[in-house]
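Okay, structure first, notes after.
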Amino acid sequence: MTHKAWSGVFEQATDKRVEKFTESVSFDHRLYAQDIRCSIAHAQMLAQTGLISADECRQIEQGLEEIRQEIEQGKFPFRTELEDIHMHIERALTDRTGDVGRKLHTARSRNDQVSTDLRVWVRDAIDEIDARLVDLQKAFVGRCARDADVILPGYTHMQRAQPVLAPHYWLAYTEKLERDRARLADCRKRVNILSLGAAALAGTTLPIDRFDVARRLDFEGVAANSLDVSSDRDFAVEFAFVLTLIAEHLSTWAEEWILWSTTEFNFLKLPQTFCTGSSIMPQKINPDVLELTRGKTARVVGNLTRLLVLIKGLPLAYNRDLQEDKEPLFDSADTVRMCLELAAPLVAGAELKRDVIAERLDRGHLDATTLMELLIKLGVPQRTGHEIVGKLVRTALERGCRLADLSQEEFSAAHPSLDARVYEVLGPQAAVRAFVSYGSTAPAEVARQVEAWQRKLSL
Ligand code: ARG
């Protein structure tokens, strides 16, 4: 029977089924590096404040370093009876150093230890995801010069609406990812607060220095209320939410590109290295990476829901329920990281089918709104202009032609101020050139923004 760290009060050994039910080491072993780092900082503070000696601190540091290597070399024995990674590492240290190791848990509870380890893990995960977001932004912005002159139909309600420059599409996604980055940075501020020193829930009677630990671990602040921080998983929920929004953005992009790569749209050729075939239909080249990016969003949404339901109604302070926070959080971070890692090369490697797009760009009267705005510029009230152009579109629809194919006489009949100038705004190319507003798809505006992004991303 394995001796438990808490066995003093117990007269009977734990039921094996309970050990299996309550263990977390099968998933929290991922926190080993964070646990060792935080334990070293904790030990150094204990030495600094005289709670352990400098020599004891050295032995602890050395022992923990050896344990780290053992874990990394795959030589470390994991046992269900020891519950979690924290108990494993402490036990291994005690096996090496005896009473010295038995001092490491001075002024510390697993409650604040787990929370601190997890905060360090989330902080690292945020930095990692942020770097992947930048990679994806670079892939989108990197396409802009190549696709500068491509005009795509813009859609609302999935119906052709107005012409849009391809780089305007790419920058739309870049902006969404930029908000995701800002949300990560904001979330990081609340993650980056030290919980250690809250001990079990009320703090400690021992003369510790939490600010010293915070400095050693690069935390920006120290949690002000031990009771609050022992029960706090807001930071985990926030991170899971930001990850969910990233997954939603990727899912929108994936859906759009799945449509664009269909025979029906035929706007896009995906790199074959990112497609898979069918086991029965020899002709198939399927966009599975995009489909799974869309599909895996379900997991990420589910994980957020799991965390929200997990903390609902938990009384202060620590409750064992909180052990259930790690799997959904790890899964969301892993999933989003993987999706981002595949998205960047996929975005860079796809080809717009310029000829196919151009050939069909005249369908859908993408220039109707531009024509209406010409009427407004000529002094016609918007509602009147809308009606006039609506009727012209009806004529074009009946004839199966473009607005630009209607005659000068037809335009003048629709409104006396419509002279030869109409042809200057008709057709998707002219319509795109007619835009002027800030943030619009006006070529000069898009070029300015592409340049700003290229500078920002050092491209
Ligand atoms: N393995 C647990 C977790 O990850 C740690 C248990 C902490 N505290 C306790 N009193 N049982 O949350």
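For ligands, and for the atoms within them, numbers begin at 1 and follow the listed sequence. FYI, the numbering just counts along the sequence from 1. Just so it is clear, the values below take in all heavy atoms, side chains as well, and ignore hydrogens, waters and symmetry mates.
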**Fill in**
Under 4.0 Å from one or more heavy atoms of R110, ligand 1 contributes atoms 5 (C), 6 (C), 7 (C), 9 (C), 11 (N)

**Request:** Just need the protein heavy atom nearest to atom 2 (C) of ligand 1, so name the residue and atom and give the distance.
**Result:** Q323 OE1, 3.1 Å

**Item:** Pairs where residues 287-297 contributes a residue and the test side chain to side chain donor-acceptor pair (under 3.5 Å) is met, not counting sequence neighbours
**Value:** E255-R294, T276-D288

**Backbone or side-chain N or O of E83 under 3.5 Å from ligand 1 N or O** = yes

**Under 4.0 Å to a heavy atom of N111 - the qualifying atoms of ligand 1, by number** = 7 (C), 8 (N), 9 (C), 10 (N)

**Request:** Heavy-atom contacts with D84 under 4.0 Å: which atoms of ligand 1 show up? List them by number with element.
**Result:** 1 (N), 2 (C), 5 (C)

**Request:** Examine distances only and state if a side-chain atom of R91 and a backbone atom of H3 form a donor-acceptor pair shorter than 3.5 Å.
**Result:** yes

**Asked** Which atoms of ligand 1 are found less than 4.0 Å from any heavy atom of S24?
**Response** 1 (N)

**Asked** Are the aromatic ring centres of F267 and W257 under 6.0 angstrom apart?
**Response** no

**Request:** May I ask whether K326 has any heavy atom positioned less than 4.0 angstrom from an atom of ligand 1?
**Result:** yes

**Asked** Does R123 make a cation-pi contact with F219, if we ask for NZ or CZ under 6.0 Å from the ring centre and within 45° of the axis?
**Response** yes

**Message:** Here's a test for you: under ring pair (Phe, Tyr, Trp, His ring centres under 6.0 Å), which of Y155, W253, W260 qualifies with Y169?
**Reply:** W260

**Message:** Suppose we measure from atom 12 (O) of ligand 1 to each protein heavy atom; which comes out shortest, and what is that distance?
**Reply:** Y318 OH, 2.6 Å

**Message:** Regarding D35 and Q113, do their side chains bring together a donor and an acceptor under 3.5 Å, going by distance alone?
**Reply:** yes

